[in-house]
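Quick notes on the structure that follows.
All values below were derived from every heavy atom in this structure, side-chain atoms included, with hydrogens, water molecules and symmetry-related copies excluded. Since we're looking at a predicted model, the values are computed, not measured.
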Amino acid sequence: MKQQKPLTKEQYLKKFSRAVRWRLPPQESEEAIADYRELIFQEERDESKLVEELGDPVQAAHLLTDVKTYRRWLKIFAVLAGGLFLLVKWAWTAMIPFRLYGIETWWYPVWVMAVGLPLSLYWFRRHGQKNGPMSRRLVLALAAGLLFLLGFAALYWYALDPKNLPIYTEHIDYQIYYESMLTVCCRVLVIYGGILWSLAAFAGLVLAKCYDRRWLALYALGLTIAATFGFVELNMLCMDLTYPGAEAMRAYLFIRILPIDAVGLIGTGVALC
């Protein structure tokens, strides 16, 4: 059996830091990392005996964990991550196998956002912590998300303009519209855009826990975009796209999309504060 190479001091501290940031509250995790950094980088410390003397880095983090607080976090994380998984599933399949009485299926992505946004803001505003100046990567990610959302709105406004839709005779051939290049582009956008921004939201959630709670803004914005795309995708599958009904359909969608996005953007701003 091949023997594992001993961890270097840098590798040990890196593994320990990741584990402890995930398990402990921010202030406690930084104190633990500082203490272990001092222990690890003592001049007399033999690098080949780090695990033997200090224990496995993940196990060391486990011993410092308040089990009750950690389990509470895991429950919150399971709810938030589970909502993102549903958004990915609905974006890919455009199918919701279960239906609650009185709630149309196209509102389900919005309900995921209605649960995830306030729950995440409550948890991280109470238990999270800012660390230093805001990350430039976060700023770039948020700017990309806003541009993506604006581009999506502009494309759909254009795509649903009756002037850009085929004029049908009384014998309607839906294939003319559904196979048009513009519609294909819109469908690809809502499917892959919903998946992409759900994954971005998941990354923001993990980074908010491990590094800086302001990364929650990426979760909030990604959740908003994915919920919006899911709402549009599920609506489009149920709507009659024939001329001249497109004008009413466009008004129906945007009257509902704008408040959803406004709430999501407000939540994004609150996450940055």
Mind checking whether [X] and [Y] have side chains closer than 4.5 Å, heavy atoms only?
X      : Y      : result
Leu272 : Leu138 : yes
Arg23  : Leu64  : no
Ser135 : Arg137 : yes
Met113 : Val263 : yes
Leu253 : Phe231 : yes

Is there a path of hydrophobic side-chain contacts, each under 4.5 Å between heavy atoms, that joins [X] and [Y]?
X      : Y      : answer
Val190 : Leu147 : no
Trp73  : Val67  : no
Leu63  : Leu13  : no
Val232 : Leu258 : no
Tyr122 : Tyr219 : no

Show the nearest heavy-atom pair for residues [X] and [Y], with the distance to one decimal.
X      : Y      : value
Glu233 : Ala91  : OE2-O, 3.0 Å
Tyr12  : Pro57  : CE1-CD, 3.6 Å
Ala19  : Ala61  : CB-CB, 3.6 Å
Trp197 : Ala141 : CH2-O, 3.9 Å
Leu84  : Ser198 : CD1-O, 3.9 Å
Leu117 : Gly264 : CD2-CA, 4.2 Å

(message) Could you go through Ile33 and Arg21, starting from their C-alpha distance and side-chain angles, then the distance that decides it, and tell me whether this counts as side chain to side chain contact (heavy atoms under 4.5 Å, CB included)?
(response) CA-CA 9 Å; Ile33 291 168; Arg21 283 188 174 121; 3.8 Å; yes

What distance separates [X] [atom1] from [Y] [atom2], expressed to the nearest 0.5 Å?
X      : Y      : atom1 : atom2 : result
Leu24  : Tyr70  : CG    : OH    : 10.0 Å
Tyr156 : Leu189 : OH    : CG    : 6.5 Å
Leu149 : Phe229 : CG    : CZ    : 6.5 Å
Leu54  : Gln59  : CG    : CD    : 13.0 Å
Arg126 : Arg213 : CZ    : CZ    : 14.0 Å
Leu221 : Asp261 : CG    : CG    : 9.0 Å

Is atom [atom1] of [X] surrounded by more than 12 heavy atoms (other residues, nucleotides or ligands) closer than 6.0 Å?
X     : atom1 : value
Arg71 : CZ    : no
Glu53 : CD    : yes
Phe41 : CZ    : yes
Glu38 : CD    : no

For [X] and [Y], indicate whether the former's side chain and the latter's backbone hold a donor-acceptor pair under 3.5 Å.
X      : Y      : result
Arg18  : Lys14  : no
Arg125 : Cys273 : yes
Gln11  : Thr8   : yes

(message) Walk me through whether Trp22 and Leu74 qualify under side chain to side chain contact (heavy atoms under 4.5 Å, CB included).
(response) CA-CA 10 Å; Trp22 180 252; Leu74 288 181; 4.2 Å; yes

(message) Could you walk me through whether Tyr192 and Trp92 satisfy the side chain to side chain contact (heavy atoms under 4.5 Å, CB included) test, starting with their C-alpha distance in whole Å, then the side-chain angles of each, then the deciding distance to 0.1 Å, before giving a yes or no?
(response) CA-CA 8 Å; Tyr192 291 100; Trp92 183 250; 3.6 Å; yes

(message) Evaluate Val112 against Leu223 for side chain to side chain contact (heavy atoms under 4.5 Å, CB included), listing each step before the verdict.
(response) CA-CA 9 Å; Val112 170; Leu223 178 67; 4.2 Å; yes

(request) Any pair with a residue in residues 203-212 that passes side-chain hydrogen bond (donor to acceptor under 3.5 Å, both in side chains), sequence neighbours left out, goes on the list, sorted by first then second residue, please. (result)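 For residues 203-212, and leaving out neighbouring residues, the side-chain hydrogen bond (donor to acceptor under 3.5 Å, both in side chains) pairs sorted by first residue read Asp212-Arg214.
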
(request) Check side-chain contact (heavy atoms from CB on, under 4.5 Å) between Leu119 and all other residues, then give those that pass, not counting sequence neighbours. (result)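 Testing Leu119 for side-chain contact (heavy atoms from CB on, under 4.5 Å), a comparison that skips the adjacent residues, returns Ile76, Val79, Leu80.
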
(request) Sequence neighbours left out, what passes side-chain contact (heavy atoms from CB on, under 4.5 Å) with Ala81? Give chain and number order. (result)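 Once residues adjacent in sequence are excluded, the partners of Ala81 under the side-chain contact (heavy atoms from CB on, under 4.5 Å) criterion are Phe77, Phe202.
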
(request) Decide if the gap between the ring center of Phe148 and the ring center of Phe152 is smaller than 6.0 angstrom. (result)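 Distance test on ring centres: not under 6.0 Å, no.
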
